[in-house]
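To start, the structure under review is shown below, and the notes come after it.
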Amino acid sequence: MKLSDLTKKGLEIKKQVPLSKYTFTKTGGPAELLAFPHSESELRDLVITAYDNQIPLTVIGNASNLIIRDGGISGLVLILTAMNQIKVEGNQVVAQAGATIVDTAFTAAHHGLSGLEFAAGIPGSVGGAVFMNAGAYGGETSNVIQSVKVMTRKGKIKQYSLSEMNFSYRHSLVQDNGDIVIEAVFALKRSAKSRILAEMNYLNALRKYKQPLEYPSCGSVFKRPAGHYVGPMIIKAGLQGKQIGGAQDSTKHAGFIVNKGNATATDYLNLIHLIQAKIKSQFGLDLQTEVRIIGEPDE
């Protein structure tokens, strides 16, 4: 089967679409081909067709913790935000990969299920949260995962248990093997709805106070080195507020880089590299990016 056969079946595949329309940084070059599967079967058709025709395949979720280089992405890009069903089954919440982790957390809260409070303000998708083992305020995705349903790059469905997912700090098995997260089961605990919502509202207020939510950004840029905090090191290095093109190290939270207007992905990357070099020089530490960086450089 070819991609043209899928379009005849009614599956829309767009060409040369600027991915800056979808990324939280509002930067990034075009996708050569772009599709939004609405179901597991549509996803499988796209994945198998890409594999059979040797078309490069890139899967992204809510594009919140992501920098796409200005040259864009060749081959087929799949954005899973249309696969966003959330179901509550007893003390479990079953969420498709394209559902936001925020919607999943609030769905759990409204059913008196506790454990996802930490995710109340994380802007990513469920798939992205699993992929990155996203966390905040002392909580991590791995703390509440029971199982993960994935699709291999050949279209085969597999189930992984918590122990099989190999979770660690901002890492999971699917970063290593390329499997595509399509659903996650969260195991939660009963609690008072009012208590859960109060905790979520508190964390969101804290996030609003501390983070530069008024500007486009990819969230926290760097992984935290053991025994150190990134923001204070950037401040000590004299780089808070540093701007390259339209990208600025946030004056509100030095661990964030914000788009102050017309930034490019190259601006972001140049500022990241500058910060890494200065921190290496001054503190002897190799800062690793938490944000995922993909795509081709601008020609």
Side-chain angles (χ1 to χ4, degrees), residues 23-28 63-70 118-119 121-124 128-143 166-176 203 206-261 263-298:
T23 60
F24 270 51
T25 61
K26 303 302 179 189
T27 67
S64 59
N65 192 225
L66 185 68
I67 294 173
I68 297 171
R69 296 183 182 95
D70 292 318
F118 73 91
I122 295 175
V130 171
F131 183 92
M132 294 294 298
N133 189 19
Y137 299 110
E140 280 188 328
T141 305
S142 57
N143 295 342
N166 245 0
F167 284 118
S168 59
Y169 177 63
R170 301 298 177 262
H171 176 268
S172 71
L173 172 69
V174 292
Q175 290 184 28
D176 300 327
L203 292 179
L206 200 60
R207 182 176 276 106
K208 187 175 182 180
Y209 173 72
K210 289 186 171 184
Q211 297 180 5
L213 304 181
E214 64 272 25
Y215 294 107
S217 84
C218 54
S220 179
V221 175
F222 301 102
K223 294 180 180 178
R224 180 168 59 84
H228 299 270
Y229 289 96
V230 174
M233 286 194 295
I234 291 174
I235 293 169
K236 287 179 184 177
L239 292 177
Q240 186 171 33
K242 175 67 177 176
Q243 189 162 335
I244 295 179
Q248 181 194 58
D249 187 81
S250 170
T251 56
K252 190 172 184 180
H253 189 313
F256 284 60
I257 294 175
V258 296
N259 184 346
K260 290 297 292 287
T264 65
T266 303
D267 293 340
Y268 264 83
L269 295 174
N270 286 341
L271 186 52
I272 286 171
H273 296 152
L274 173 65
I275 292 168
Q276 287 174 320
K278 192 71 180 284
I279 297 302
K280 176 69 173 178
S281 169
Q282 191 158 332
F283 299 95
L285 292 171
D286 291 308
L287 276 188
Q288 303 296 317
T289 54
E290 177 176 322
V291 63
R292 187 178 171 216
I293 301 167
I294 61 174
E296 303 297 325
D298 198 12

Is the shortest side-chain heavy-atom distance between [X] and [Y] below 4.5 Å?
| X | Y | answer |
| --- | --- | --- |
| Ile122 | Arg207 | yes |
| Asp267 | Leu271 | no |
| Gln175 | Arg292 | no |
| Asp249 | Leu239 | no |
| Ile275 | Lys278 | no |
| Phe222 | Ile234 | yes |
| Ile257 | Ser217 | no |
| Tyr137 | Leu206 | yes |

Counting only heavy atoms not in [X], do more than 12 sit closer than 6.0 Å to its [atom1] atom?
| X | atom1 | value |
| --- | --- | --- |
| Tyr215 | OH | no |
| Tyr229 | OH | no |
| Lys242 | NZ | no |

Quick check for you: to the nearest 0.5 Å, what is the distance between [X] atom [atom1] and [Y] atom [atom2]?
| X | Y | atom1 | atom2 | answer |
| --- | --- | --- | --- | --- |
| Leu66 | Thr25 | CG | OG1 | 7.5 Å |
| Lys236 | Phe283 | NZ | CZ | 6.0 Å |
| Thr141 | Phe118 | OG1 | CZ | 4.5 Å |
| Ile279 | Leu274 | CD1 | CG | 9.5 Å |

What are the two closest non-hydrogen atoms of [X] and [Y], and how far apart are they?
| X | Y | answer |
| --- | --- | --- |
| Asn143 | Gly138 | ND2-O, 4.2 Å |
| Asp70 | Gly28 | OD1-N, 4.1 Å |
| Leu285 | Met233 | CD1-SD, 3.6 Å |
| Ala247 | Ala263 | N-CB, 3.7 Å |
| Val258 | Pro212 | CG1-CG, 3.7 Å |
| Arg69 | Pro297 | CD-N, 3.8 Å |

Expected output: side-chain [X] to main-chain [Y] donor-acceptor under 3.5 Å:
| X | Y | value |
| --- | --- | --- |
| Gln240 | Ser250 | yes |
| Lys252 | Gln211 | yes |
| Asn133 | Ser142 | yes |
| Lys26 | Pro216 | no |
| Ser172 | Phe131 | yes |
| Thr251 | Gly241 | no |
| Tyr268 | Asn259 | yes |

Should Thr264 and Thr27 be marked as a side-chain contact (heavy atoms from CB on, under 4.5 Å) after you check the CA-CA gap, both sets of side-chain angles, and the distance that decides it? CA-CA 5 Å; Thr264 65; Thr27 67; 5.5 Å; no
With side-chain contact (heavy atoms from CB on, under 4.5 Å) as the test, pick out the partner of Thr289 among Gln276, Arg170, Lys223. Gln276
